[in-house]
Asks: 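Before anything else, here's the structure in question.
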Amino acid sequence: MKKTVFAAFIAFWSSVGTLLALFALTPTVTLAEGETEYSLEDVAGHDSLEDCWMAIRGKVYNFTDYIPKHPAPPMVIEPWCGREATEGMTTKGYGRDHSPAAWESMGAYQVGILSSKP
Ligand code: HEM
């Protein structure tokens, strides 16, 4: 009898251990509270200067209100609206990255994160 109780005790705690290990190893979705996921197809629906979204380094931004404030003319930004635009940010179209201040100012325009689905 004692053996059975001991075996049940071991079985119980090893299943708890297995469940905990599974939980720890399962990748969790990194959506913060209130954060929305968008696909590249969603972003593609906002491809004009009047409605300009971009996906940059896994985040999705609505830069429509920023475009008039951008130091360079809108025509340099326009081709990147509705697209994955990390290259636009890191090259400015001529091979030079934006300043750290420029990267930091993007936060105010974030609307969500890019989903891993196409
Ligand atoms: C993704 C498409 C974009 C392109 C192709 C682009 C291109 C350019 C160009 C040609 C200049 C002027 C030349 C220069 O300063 O070297 C410039 C400057 C600047 N851009 Fe953009 N830009 C883009 C997006 C953005 C975004 C999304 C922001 C911020 C929300 C931004 C912020 C700035 C700032 C602050 C400057 C002044 C220089 C600096 O801090 O690097 N740009 N950009």
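Read the numbers this way: they start at 1 and go in the same order the structure lists the ligands and their atoms. All values reported here derive from a predicted model rather than from experimental measurement.
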Asks: Got a sec, which residues hit side chain to side chain contact (heavy atoms under 4.5 Å, CB included) with Asp47, two or more places apart in sequence or on another chain?
Replies: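 Checked Asp47 against side chain to side chain contact (heavy atoms under 4.5 Å, CB included); zero matches.
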Asks: Can you name the residues that form a ring-ring contact (aromatic ring centres under 6.0 Å, His included) with Tyr109, not counting sequence neighbours?
Replies: Phe63, Tyr66
Asks: Is there a nitrogen or oxygen of Trp80 sitting under 3.5 Å from a nitrogen or oxygen of ligand 1?
Replies: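 No; every N/O pair is 3.5 Å or more apart.
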Asks: Asp97 to ligand 1: N or O pair under 3.5 Å?
Replies: no
Asks: What distance do Glu50 atom CD and Glu78 atom CD have between them, rounded to the nearest 0.5 Å?
Replies: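 Result: 7.5 Å between the selected atoms.
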Asks: Check the side chains of Asp42 and Ser39 for a donor-acceptor pair under 3.5 angstrom, ignoring hydrogens and angles.
Replies: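 Present: a donor and an acceptor within the cut-off.
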Asks: About how many Å separate NZ of Lys92 and OG of Ser99, when rounded to the nearest 0.5 Å?
Replies: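 One gets 6.5 Å once the value is rounded to the nearest 0.5 Å.
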Asks: For ligand 1, which atoms sit closer than 4.0 Å to a heavy atom of Ser99?
Replies: 39 (C), 40 (O), 41 (O)
Asks: If you measure from atom 28 (C) of ligand 1 to every heavy atom of Tyr66, Phe63, Tyr109, which option wins on shortest distance?
Replies: Tyr66
Asks: Applying a 4.0 Å heavy-atom criterion (strictly less than), which segment of Met54 is in contact with ligand 1: side chain, backbone, both, or neither?
Replies: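 Side chain only.
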Asks: Quick one: look up the protein heavy atom nearest atom 4 (C) of ligand 1 and list residue, atom name and how far away it is.
Replies: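 The closest one turns out to be Gly88 O, 3.9 Å.
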Asks: Only protein N/O/S atoms count here: give how many lie under 2.8 Å from atom 21 (Fe) of ligand 1.
Replies: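 Near atom 21 (Fe) of ligand 1, the number of protein N, O or S atoms below 2.8 Å is 2.
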Asks: Can you name the atoms of ligand 1, numbered from 1 with element, that are less than 4.0 Å from a heavy atom of Met106?
Replies: 29 (C), 30 (C)
Asks: What is the distance from atom CD1 of Ile56 to atom NE2 of His98, rounded to the nearest 0.5 Å?
Replies: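 Between Ile56 CD1 and His98 NE2, I get 8.5 Å after rounding to 0.5 Å.
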Asks: Are Ser105 and ligand 1 in contact, using a heavy-atom cut-off of under 4.0 Å?
Replies: yes
Asks: What's the spacing between Asp97 CG and Met89 CE if we round to 0.5 Å?
Replies: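 One finds 7.0 Å between CG of Asp97 and CE of Met89.
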Asks: Taking only non-hydrogen atoms of Tyr94, do any sit less than 4.0 angstrom from ligand 1?
Replies: yes
Asks: Mind checking the CZ-OG1 spacing from Arg96 to Thr90? Nearest 0.5 Å is all I need.
Replies: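 Result: 13.5 Å between the selected atoms.
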Asks: Does Arg83 make a cation-pi contact with Trp53, if we ask for NZ or CZ under 6.0 Å from the ring centre and within 45° of the axis?
Replies: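 Ring-cation test returns no.
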Asks: Taking disulfide (SG to SG under 2.5 Å) as the cut-off, I'd like each qualifying pair that reaches into residues 36-107, sequence neighbours left out, listed once.
Replies: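 Non-adjacent pairs meeting disulfide (SG to SG under 2.5 Å): Cys52-Cys81.
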